[in-house]
Amino acid sequence: MTTTRPSGRQFPADFLWGSATAAYQVEGAAQEDGRGPSIWDTFSHTPGKTLGGDTGDVAVDHYHRVAEDVAIMRDLGLQAYRFSVSWPRVQPTGSGEFNQAGLDFYSRLVDELIAAGIKPVVTLYHWDLPQALEDEGGWTNRRTAYLFAEYGRRLAEVLGDRVHLWTTLNEPWCSAYLGYASGVHAPGVTDEVAALRAVHHLNLGHGLAARAIKDVLGQDTPVSVTLNLHVTRAASDAPEDLEAKRRIETIGNEVFLGPMLEGAYPAELFTDTASITDWSFVEDGDLETIRVPLEVLGVNYYSTNRVKHGHFLTGDGEPGPDGHRLSSRTPWVGADDVEFVAQPGPHTAMGWNIEPQGLVDLLLELHTRYPGLPLAITENGAAFVDEVGEDGRVHDQDRVDYLHDHLDAVAAAIEAGADVRGYFVWSLFDNFEWAYGYDRRFGVVRVDYDTLERTPKDSARWYAQVVRTSTVLDAQVAAGL
Ligand code: FCB
């Protein structure tokens, strides 16, 4: 691709620049120091679930290479590191005894980051539920929400005020709908009722955990949640296409924004899903619990959707590894009559369309709707087919262009009034991209999967200069860095 947006826009001086990873995608050491199995261990070890049968057993061995990895971030001048805690590493069965070795690992990581001048941004849940809890129903079981809060409380006690920003959940949309409806993610369940129960218990878990953290560390403690809000366009202005867009927004976005930020599920949600469930699993007081004043709303953004009235086509929106469809089930519960229309290019190696304007629109819409709520881009980035050049470097101009255009989008949204406080590139490293295994590379730092050697790509060098200057530099300068 080439850039489509201008260079030169500046960011506020106190804008926070970081990179992001998630435990199961980078840590490895899956059976070390008392870590229990998670649903992703089980899922990735089940034949046919991931491309090439890849697992996170070794991943990029971040667990053993924390010192080296923090040094890489420091050398790039990064100011913050968004990582997730593996629940089964610190509490092997998700209830009862905590594992001191696991708690110590994250405590050391936090100390190393702070010593390097990097702010720790901690996500409690990036999809790796302890398998023992899944055996009891996982997120379909209300008890999981309460256990999640206990785990959050313990983390707050151990890591304390060394953490710059806490995040309860990463993309509960994926946990609920890819995990329990389409089944392309762990635990691989395909049951619409289960997915909606999971939605509610994730919401409840968010509220309970946010309260637990603030209970331990004080009400002003910065707490956030990260959502993958779906920027959805209607294919036409026909009422049925606008209704298709509305349904996707309700089941994809409002189902989380409503309870977490406004204290209610939208009425349409209940009518849209009336043939599936009566939502009687929502108990008195839950909505009060779920709505907690947040210090930041985390936004993960990659691409956009276009929809019309029609029929959900097998595997729409979720092409599986190797081009075959992983699931014939829609993740869009209650929206079988919505068709996803192919988007014009360019596309990334995930097949996701590249539309930076969607990020401007999303940020401004959120700002208008929640004026007092600061925003942060907690993930943005792209998979491309990288090649190592004869000079040993990765000239990933496509990725530089993608980052350039999306950073310009963020800067433009800020200029237009959006209160965006930070940006975290996904990802610091190439890593285990869930069902796609190691096949899709999102890193700004390349990982050689034979030697585990790390090599900053041109995108990392370019991003480092952006961080240093707080300016959207010309994408072409990367080649010369
Ligand atoms: C997001 C996930 C993250 C990564 C990117 C590409 O949905 O939060 O772990 O897989 O997509």
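Residue numbers run from 1 in the order of the sequence given. Just so we're clear, the structure is a prediction, and the values are computed from it rather than from any experiment. Counting starts at 1 for both ligands and their atoms, in listed order.
Under 3.5 Å, the side chains of Trp426 and Tyr301 contain no donor-acceptor pair of N or O atoms. Side-chain contact annotation: His206 with Thr168, donor-acceptor N/O pair under 3.5 Å present. Side-chain atoms of Ser38 and Asp41 include a donor-acceptor pair closer than 3.5 Å. A side-chain donor-acceptor contact under 3.5 Å links Ser107 and Arg162. For the 3.5 Å distance criterion, the side chains of Glu254 and Tyr265 fail to qualify, holding no donor opposite an acceptor.
Per-residue contacts place Phe442 under 4.0 angstrom from the following atoms of ligand 1 (heavy atoms of the residue considered): 6 (C). Within the listing of ligand 1, atoms 2 (C), 3 (C), 8 (O), 9 (O) sit less than 4.0 angstrom from a heavy atom of His126. Applying the 4.0 Å criterion to heavy atoms of Trp434 picks out, from ligand 1, the atoms 3 (C), 4 (C), 9 (O), 10 (O). Counting atoms of ligand 1 from 1 in the listed order, those under 4.0 Å from a heavy atom of Asn170 are 8 (O).
Not close to ligand 1: Met350, with no non-hydrogen atom less than 4.0 angstrom away. Not a single heavy atom of Asn228 sits closer than 4.0 Å to an atom of ligand 1.
Checked by atom type and distance alone, the side chain of Arg399 never pairs as donor or acceptor with a backbone atom of Val444 at under 3.5 Å.
Heavy atoms of Glu433 found under 4.0 angstrom from ligand 1 belong exclusively to the side chain.
The nearest protein atom to atom 5 (C) of ligand 1, hydrogens excluded, is given as Tyr302 OH, 3.3 Å; this is a heavy-atom distance.
With a 6.0 Å cutoff to the six-membered ring centre and a 45° limit on the axis angle, Arg421 does not count as a cation-pi contact of Phe15.
Considering each of Glu171, His185, Glu379, the one bringing a non-hydrogen atom nearest atom 3 (C) of ligand 1 is Glu379.
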